[in-house]
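Heads up: the structure comes next, in structure tokens.
Throughout, a chain's letter reflects where its sequence line sits, starting with A, and its residues are numbered from 1.
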Amino acid sequence: MDLAVRSVSKRYKNHTIIEDISFDVGPRELVSIVGPSGVGKTTLLKIIACLDTPDTGRVIYSEPLSKKHPVIIVFQDYVLFPSMTVKDNVGFGLKARHMKKKQITEQVDRMLVYFQLTRQAEQYPAQLSAGQKQRVAIARAMIVNPAVLLLDEPFANLDRNLKMETARFIRSTQQEFGIPTISVTHDLEEAFAMSDRIGILLDKRLQQFDTPRQVYFNSVSRKVAQFLGPVNLIPEQHLSLFQGSRDPAAPASDKPVMARPENLVMTEDANGSGRIADKTFAGHYTVYSVAIESHAYTVYSQDDRFAVGAQVNLQITPY
Amino acid sequence: MSWTNNRAGRLVSGLAPLLLPYLVLFCGGIMLTICQSFGVFTPLPHAGAALDAYAKILTDPAFFSSFGFSLGVAMVSAFCTMAAGTFLAYQVWQLPAKLATAALIYKIPLILPHISVAFVVLVFWSPSGIVASIAHSLGIIQTMQDFPNILYSGWGLGMVLAYTLKGTPFAMLLVLALLVRFDVRQIQTAAMLGASGVRIFFSIVLPRMAPAMHTSFIILFLYGFGAFDIPFVLGESRPGMLSIHVYNLYFKHDLARRPEAMAILTMMFFFAVIFIIAYSKTVQRLENGVRKL
């Protein structure tokens, strides 16, 4: 199963929520739509899940959706059935399909083992942690072999140290079950870690849709680049000061060149064009602020030996 | 310690306007009823033993048939009311916002006194009532006698109808209060997982409404069991409702039979207490887990 979103727009009371959204999701692909809160990510997800209708455009599924192969959305707060145990929550979809009790038990048990929920089988949702609730919600969705799985802010209710682990878990689960998955989130790192492709939803429109590396290092606009993280804007007149930055064959441009802090490399040089103005320890890397004329450039480096005031040269390295 | 005493004193004095009527009227009334059932503080000096009234009642087959009849009418009417209230509340909850506002009309029977509802049932369902007239106009019946005796069939149907009509909006009110906080995404999720409307109602919505349903059932059952006004208009004599039995003993017989009336009231009171405890315990056991929410 694959799906295509074509020119989807939605308005509420004369207020445009999303406009002209188009992208494809291939079979076995995990796609993340990222954007700030309130940009219309959940509206888009509801349209894909057929819980809402677009004003214009449509969502095309390669195979018709059916009760056997539905689109399932896992909501931000999981929406587990509070009066059912974990086991009953997970088996709900199979019961709804009138499957035999023995088959349900077998499948549910397998799912509980895969999602590491065997010990919680008889517990109620109110007794679970956020991470466990999420696993129950995904297990409940996966057990019915959905045509498409939609995840609404899958990391919103998780502790910071649990987010990346969950992203990896979602990735491996998605690969294991081979179900096309769309996740909407504003957690960038996790989206980068688990997605095959990422869409950037800004100003009601999908600004860029590409692989995580491409979106991050070759953002289509300054706005997209800045949304995804710190970026240096290098003006044309400074480019000659950055070693290896100019392709002699490339035509001159008025637009500044964008370079991520991790794409800038420093070398100490008494005659260097830049001077280290500031230095901040940030755990697994050090953030340097390098002044060239009136501009300040941010550089991430794992090398902590540069001192404030030292003269340095900067070089742009391709990712 | 004195701070605690002062605080408790202030609390009691603050609650006094509520506590005093409760103590004097309710607790005092119960105590007087119990005393009179034992022949103490009766209008006429009681000559027999303290438990004479209880002995007389508990050896009277008419009491047991009245008790059984009252129990049946109360049980059926409470169940019908709860079921109708729950079903209608669910329907109203699903209406679009504009229609839901219009549906507030369901609250009208709430403001009607029970006696009025009894007369409404009488006017509609008696052999000379509106339903019979319509049936006659449509040619379904030829004479009044052809119309089925719904009100006085010996099954208490008239009372059940009146209690259901009066109690349904009350049950709806309680259930709707829970439904307005119900997360509609639970229904969407269940539907996405392939559940039918019936399964969604029984597996997802009903457990959510259960606390309001139990509360309304207890209140409606106990009211139906002990109320006087509706049985006075729509009740039957053989067997009659217990409340009518008590009324007759209290007002229409010798003052010497006052202890019997009070003994029945005392037993009805303790039955109500035992019923509430037993029902709540049963529900708690059945809903073990849901209560952990």
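- Between A:Val136 and A:Pro125, every side-chain heavy-atom pair lies at or beyond the 4.5 Å cut-off.
- The part of B:Arg199 that comes within reach of chain A is its side chain, from C-beta onward, which places non-hydrogen atoms under 4.5 angstrom from that chain.
- You'll find the side chain of B:Phe170 stays beyond 4.5 Å of the side chain of B:Thr81, heavy atoms only.
- A:Val71 touches chain B through its backbone: at least one of N, CA, C or O sits under 4.5 Å from a heavy atom, while the side chain does not.
- Only the backbone of A:Leu80 comes within less than 4.5 Å of a heavy atom in chain B; its side chain stays farther off.
- Contacts between A:Ile73 and chain B at a heavy-atom distance below 4.5 Å involve backbone atoms as well as side-chain atoms.
- A donor-acceptor contact closer than 3.5 angstrom links the side chains of A:Arg11 and A:Thr16.
- Using a 4.5 Å cut-off between heavy atoms, A:Lys68 does not touch chain B at all.
- Side-chain contact check for A:Asp52 and A:Tyr12: at least one donor-acceptor pair (N or O, by modelled atom type) lies under 3.5 Å.
- Side-chain contact check for A:Ser62 and A:Asp2: at least one donor-acceptor pair (N or O, by modelled atom type) lies under 3.5 Å.
- For B:Ala190, the parts sitting under 4.5 Å from any heavy atom of chain A are the backbone and the side chain alike.
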